[in-house]
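All remarks here apply to the structure that follows.
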Number of protein chains: 2
Amino acid sequence: MRERPKIKDIAEKAGVSVATVSRALSGSALVTAETRQRIHDLARELNYRPNVSARNLRTRKSMAVLLVVRDVGNPFYLDILKGVEAMAREAGYAVLMGNTENDPVREIEYFNMLRDGHADGMILMTGKLPPPAGNRSGSWNHLPVVVALEMIEGSGLPHVQVDNVGAARAAVEHLISLGHRRIAHISGPVPEPMSVYRREGYRLAMREAGLAIPPGYEVRGNFLLESGEDCCRTLFDLPQPPTALFVANDEMAYGAAHELRRMGRDVPGEVSVVGFDDLYLSKAFYPPLTTVSQPRAEIGRTAMGLLLSILSGGSLGTGEPIVLPTALNIRASTAPPEA
Amino acid sequence: MRERPKIKDIAEKAGVSVATVSRALSGSALVTAETRQRIHDLARELNYRPNVSARNLRTRKSMAVLLVVRDVGNPFYLDILKGVEAMAREAGYAVLMGNTENDPVREIEYFNMLRDGHADGMILMTGKLPPPAGNRSGSWNHLPVVVALEMIEGSGLPHVQVDNVGAARAAVEHLISLGHRRIAHISGPVPEPMSVYRREGYRLAMREAGLAIPPGYEVRGNFLLESGEDCCRTLFDLPQPPTALFVANDEMAYGAAHELRRMGRDVPGEVSVVGFDDLYLSKAFYPPLTTVSQPRAEIGRTAMGLLLSILSGGSLGTGEPIVLPTALNIRASTAPPEA
DNA sequence: ATGAAAGCGCTAACAA
DNA sequence: TTGTTAGCGCTTTCAT
């Protein structure tokens, strides 16, 4: 037996042609049950495994997908990755990790990997599309790419997302229904769409309740913990500080709550805090964080499902984005304002 | 210009052979600077990119590595992944995610992917080696595999790890130095080595301080949040409950602290808690968690570096495991016991 | 310094 | 139902 058996070895032992072996192994109906059985037995006996490079070259497929995020170190992506991975492996696809760190060079690099045959399709969660230079069609919308989580407006690509405006609005309405009037917002890095939408939800809820947004009540953060602390400090340096905070993600909400504690302000006694994302630690946080929960695993599964249907030549759907539902998880970081 | 230019297209336009183009593009010295330049220009103009499947088939390499973990959803792996990814892409390797969920079938599957040419090497963090069935050599130790984080004793494979015994011991010694005597331990899922080692460190520190471990003071958890809560409850149902907890990972420590709060016991006023891992949220936790910090990104980088040196035919090192240093981060969840 | 040619291992026409 | 054969696009001897 040679180092690594190939189809030819099986063919010789079985006394058939390589074509027959290939067919038998791929379960083609054009092989008698008897020869198929014989070949399968032989394959097992020789511990045969097909060479993927050869198959990929011939079939022009790689059976791999690329999952591209801004920062692999961000815990937010975990459940999405998990959802993608689960669906992918079920369908026989491997998952390649892409990490851009907001670097345009890398963003292009991953598109190139797609072209190079490293992967058959891509799930893009960076919210950005590199300029279509060197791309004949002048656009990306004929590539097997699904945009998830962070939308890319006008891209013409299939999207899987949540209603950030509506979810943010519901979060702020919760605060208002508790009786809060002075509600501030720590936003993400506007003008990125996700941040803009969440801020929009905040503004909408405030306006509908007839509440003015005092100057300085909108502070721009960057989604990181420290940023939550900093923004919180800014907010409470105001002459008329807020009684409630709507923070654009949980991580900054942790930072804000942390900072409030440091300043000796009780949460939710003196200040209520609402986050966004429902990271899995938010329920163990002290106080357990009221926050908007996104169906992360579902986002991953849906995006991968969409990509699979594209890869299998299925329709691209309606072109309308798929919007998954969010939920407001009311826990212990919100309470009525002090009397 | 054809759909996707290949070497042949460039060769024709340049009036040279495909061999010359291949050489020029790979930077071979056997091409005149002039033709090399011409070919490079042409390649850029045609927007040429090599087909990876073809190259992989020919070179018998995939320029990809497989990173296999028990649970891609676990935040602990994030920084490791980040470290691996950074080193990998620097060296021109792609990173494939593997997720076993402790399923032996999947564990084998990833080894098969290695054999099949899906990846050139593997970083294994599952702490388990599938039975070497169908493996001629009867063992795995000639495969390009680096074991990280969770050691696999007797595997003969290169290891990157931390000194779990020593780190755990230092953590418990901290508790002892604060004056605690009744120190309990919430362990991981013994008899898995990592859990056993951390428990061993606990026992060692206790013995050296001349402290007996009362019956029931060692409770077995599973590294998950809820498990921390459950174990904590068990511990405080004891007639003589502990004044300090050494918990085998941060996630369970969060759970334990959460449960203590629910029981109305102040941390660290009434009970001190030490964790292990230093997840990035531990400092934002309330109270900020005293915990053992592992150099996660460094573990990832080191493992990938080791794998790269193996893949480039370098030595396998001494065979001795590489042990990376840990540090005890003392924060606010530990204090002297009540008088 | 360049070219011709032989594959890498597989799949898929096309024949039989 | 099976076999023959032609590639997939690239790298790499071996000639020249």
Side-chain angles (χ1 to χ4, degrees), chain A residues 1-40 42-43 46-64 92 112-118 120, chain B residues 1-40 42-43 46-64 92 112-118 120:
Chain A
M1 180 194 336
R2 57 195 328 107
E3 262 320 331
R4 195 172 202 287
K6 37 184 146 180
I7 277 193
K8 198 174 160 208
D9 299 312
I10 299 184
E12 281 167 5
K13 294 232 184 199
V16 295
S17 74
V18 291
T20 302
V21 175
S22 178
R23 289 192 193 102
L25 259 24
S26 67
S28 158
L30 300 102
V31 191
T32 55
E34 189 240 340
T35 43
R36 169 157 51 238
Q37 188 55 52
R38 193 153 43 94
I39 289 170
H40 271 112
L42 222 37
L46 296 182
N47 199 16
Y48 169 80
R49 302 222 95 221
N51 175 311
V52 299
S53 296
R55 171 183 292 169
N56 289 349
L57 175 57
R58 179 61 227 224
T59 60
R60 299 151 166 291
K61 303 212 285 175
S62 67
M63 294 308 279
N112 281 336
M113 285 180 68
L114 210 55
R115 291 191 26 186
D116 298 349
H118 249 114
D120 297 332
Chain B
M1 181 193 337
R2 57 195 329 106
E3 261 320 330
R4 195 171 202 286
K6 39 183 143 181
I7 278 195
K8 199 174 158 208
D9 299 313
I10 299 183
E12 282 168 4
K13 293 231 185 203
V16 296
S17 74
V18 293
T20 302
V21 175
S22 177
R23 290 192 192 101
L25 259 22
S26 67
S28 159
L30 300 98
V31 191
T32 54
E34 189 240 338
T35 44
R36 172 162 43 240
Q37 188 54 54
R38 193 154 43 93
I39 288 170
H40 270 112
L42 222 35
L46 296 181
N47 198 16
Y48 170 80
R49 304 221 93 223
N51 174 311
V52 299
S53 296
R55 170 182 293 169
N56 289 350
L57 175 59
R58 179 61 226 227
T59 59
R60 297 152 168 290
K61 303 211 286 175
S62 66
M63 294 307 278
N112 281 335
M113 285 180 68
L114 210 55
R115 292 191 26 186
D116 299 349
H118 250 114
D120 297 332

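Worth saying up front: this structure is predicted, and the values here are computed from it rather than measured. So that the names make sense, note that chain A is the first sequence line, chain B the second, and so on, each numbered from 1.
Side-chain proximity of B:Ala54 to the nucleotides D:dG9, C:dG9, D:dG3 is greatest for D:dG9. Between C:dA5, C:dT2, C:dG7, one nucleotide has an atom nearer to the side chain of B:Arg58 than all others, and that is C:dG7. Comparing D:dC10, C:dT2, D:dG3 by their closest approach to the side chain of B:Arg55 singles out D:dC10. In the set D:dT11, C:dC14, C:dC10, C:dC14 carries the atom at the smallest distance from any side-chain atom of A:Arg23.
Proximity of A:Ser53 to the phosphate of C:dG9: no side-chain N or O atom is located under 4.0 Å from OP1 or OP2. Remark: B:Thr59 is not in phosphate contact with D:dT11, judged by side-chain N or O atoms under 4.0 Å from OP1 or OP2. Residue A:Ser17 has a polar side-chain atom (N or O) positioned under 4.0 Å from OP1 or OP2 of D:dG3. Between B:Thr20 and C:dA1 there is no side-chain N or O to OP1 or OP2 distance below 4.0 Å. For A:Ser26 and C:dT11, the shortest distance from a side-chain N or O to OP1 or OP2 is not below 4.0 Å. An OP1 or OP2 oxygen of C:dC10 is reached within less than 4.0 angstrom by a side-chain nitrogen or oxygen of A:Tyr48.
In summary, the side chains of A:Asp120 and A:Ser62 do present a donor paired with an acceptor at a separation below 3.5 Å, with no hydrogens or angles considered.
Looking at which nucleotide of DNA chain D each of A:Ala19 and A:Arg60 is closest to, the 5′-most match is held by A:Ala19.
Rounded to whole Å, the distance from CG on A:Leu57 to P on C:dG9 is 12 Å. In this structure, CG of B:Leu30 is placed 15 Å from P of D:dC14, rounded to the nearest angstrom. Atom CD1 in B:Ile7 sits about 15 Å away from atom P in C:dA4, given to the nearest Å. Between the CD1 atom of B:Ile10 and the C1' atom of D:dT11 there is a distance of 15 Å, given to the nearest Å. In this structure, B:Leu25 atom CG and D:dT11 atom P are separated by 8 Å, rounded to whole Å. In this structure, CD1 of A:Ile39 is placed 13 Å from P of C:dT11, rounded to the nearest angstrom. In this structure, CG of A:Asn51 is placed 17 Å from P of C:dG7, rounded to the nearest angstrom. Here D:dT11 presents its C1' atom at 12 Å from NZ of B:Lys61, a figure rounded to the nearest Å.
If you check every strand for non-hydrogen atoms under 4.0 Å, B:Ser22 touches a base.
Here the rule is side chain to side chain contact (heavy atoms under 4.5 Å, CB included) with B:Ser53, and of B:Asn56, B:Leu57, B:Asn51 only B:Asn51 fits it.
With hydrogens and angles disregarded, no donor-acceptor distance shorter than 3.5 Å links the side chain of B:Arg60 to the backbone of B:Gly117.
Residues A:Val16 and A:Arg38 form a side-chain contact, since some pair of their non-hydrogen atoms from C-beta on lies under 4.5 Å apart. A:Arg36 has its side chain out of reach of A:Leu25: every pair of non-hydrogen atoms, C-beta onward, lies at least 4.5 Å apart.
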